[in-house]
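Beneath this line is the structure, given in structure tokens, with notes to follow.
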Amino acid sequence: MRDCAAIRARLEARKQELLVRARDVHADMTRATGPLEKDFAEQVVQMENDAVLAGLSATTAAEISQINRALKRLEEGSYGDCAVCGEPIDERRLQALPHSDRCIRCAEFAA
């Protein structure tokens, strides 16, 4: 039997980390600390950094979404069951990726 309270705590802690990251990335992307540099070369570097930040933002948002779905599955009692085939997800996979909603076979097939 899974320790749902421990799983929930782990998911919530990771979600909080990601929310802080998302806030920081958003602040950087919206130039909360100041406008672009006046030097053109520095502007180019800042704009390249913006592209990296946009990728981080998208990845962070996707993981938060996965965590929210995992929390919902916990509430519904379906946590740990593959969303594709319905078989139990291996405990080692859930330890590594507690927000996973697919068994390794279905995850590999989707990739």
Side-chain angles (χ1 to χ4, degrees):
M1 186 74 178
R2 292 183 177 94
D3 182 356
C4 290
I7 294 167
R8 181 179 312 284
R10 186 171 172 206
L11 289 167
E12 290 287 355
R14 179 64 178 154
K15 182 177 173 180
Q16 288 308 310
E17 291 172 16
L18 292 169
L19 289 171
V20 168
R21 178 191 300 170
R23 183 197 66 214
D24 293 346
V25 167
H26 178 74
D28 287 345
M29 288 178 65
T30 57
R31 312 243 182 273
T33 58
L36 282 174
E37 295 290 327
K38 293 187 188 294
D39 180 61
F40 179 74
E42 280 299 314
Q43 285 181 3
V44 170
V45 170
Q46 285 178 310
M47 291 168 62
E48 288 173 349
N49 288 344
D50 287 350
V52 172
L53 290 172
L56 280 173
S57 180
T59 301
T60 300
E63 189 173 347
I64 290 170
S65 179
Q66 291 172 328
I67 289 171
N68 286 335
R69 288 192 304 271
L71 289 168
K72 184 174 182 181
R73 288 191 309 276
L74 266 174
E75 289 174 18
E76 295 171 345
S78 61
Y79 179 83
D81 296 334
C82 179
V84 177
C85 70
E87 293 294 317
I89 299 171
D90 187 277
E91 288 295 325
R92 293 171 296 183
R93 180 165 172 78
L94 291 174
Q95 282 296 318
L97 295 169
H99 57 273
S100 181
D101 68 345
R102 294 181 183 177
C103 67
I104 192 73
R105 186 177 23 151
C106 291
E108 286 175 348
F109 184 71

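Considering every non-hydrogen atom in both Gln95 and Arg10, the closest pair reads O-NH2, 2.6 Å. In this structure, Leu11 and Ala70 approach most closely via the heavy-atom pair CD1-CB, 3.9 Å. Scanning all heavy atoms of the two residues, the minimum distance from Asp101 to Ile89 falls at C-CD1, 3.7 Å. In plain terms, the two heavy atoms of Cys103 and Arg93 that are nearest each other are C-NE, 3.9 Å.
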Next item on the list: Start with the C-alpha gap between Asp24 and Arg21, add the side-chain angles, then the distance that decides, and say whether side-chain contact (heavy atoms from CB on, under 4.5 Å) holds.
Entry: CA-CA 5 Å; Asp24 293 346; Arg21 178 191 300 170; 5.8 Å; no

Notebook entry, point to check: Between Ile7 and Leu74, is a side-chain contact (heavy atoms from CB on, under 4.5 Å) present by the stated rule, with each step listed?
Noted result: CA-CA 9 Å; Ile7 294 167; Leu74 266 174; 3.7 Å; yes

Next item on the list: Could you walk me through whether Val25 and Thr60 pass side-chain contact (heavy atoms from CB on, under 4.5 Å), step by step?
Entry: CA-CA 10 Å; Val25 167; Thr60 300; 5.7 Å; no

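Atom CD of Glu87 is separated from atom CZ of Arg105 by 6.5 Å, given to the nearest 0.5 angstrom. Atom NE2 of His26 sits about 12.0 Å away from atom CG of Leu53, to the nearest 0.5 Å. Atom SG of Cys82 is separated from atom CG of Asp90 by 12.0 Å, given to the nearest 0.5 angstrom. With values rounded to the nearest 0.5 angstrom, Glu12 atom CD is found 5.5 Å from Lys15 atom NZ. The CZ atom of Arg73 sits 7.5 Å away from atom OG of Ser100, with the distance rounded to the nearest 0.5 Å. A distance of 9.0 Å separates CD in Glu17 from CD in Glu63, rounded to the nearest 0.5 Å.
Judged purely by atom type and a 3.5 angstrom limit, Arg102 has no side-chain atom pairing as donor or acceptor with the backbone of Glu108.
Linking Ile, Leu, Val, Met, Phe, Trp and Tyr whenever their side-chain heavy atoms come within less than 4.5 Å puts Leu94 and Ile67 in one cluster. Under the 4.5 Å side-chain heavy-atom criterion for grouping Ile, Leu, Val, Met, Phe, Trp and Tyr, Leu97 is not connected to Val84 through any hydrophobic cluster.
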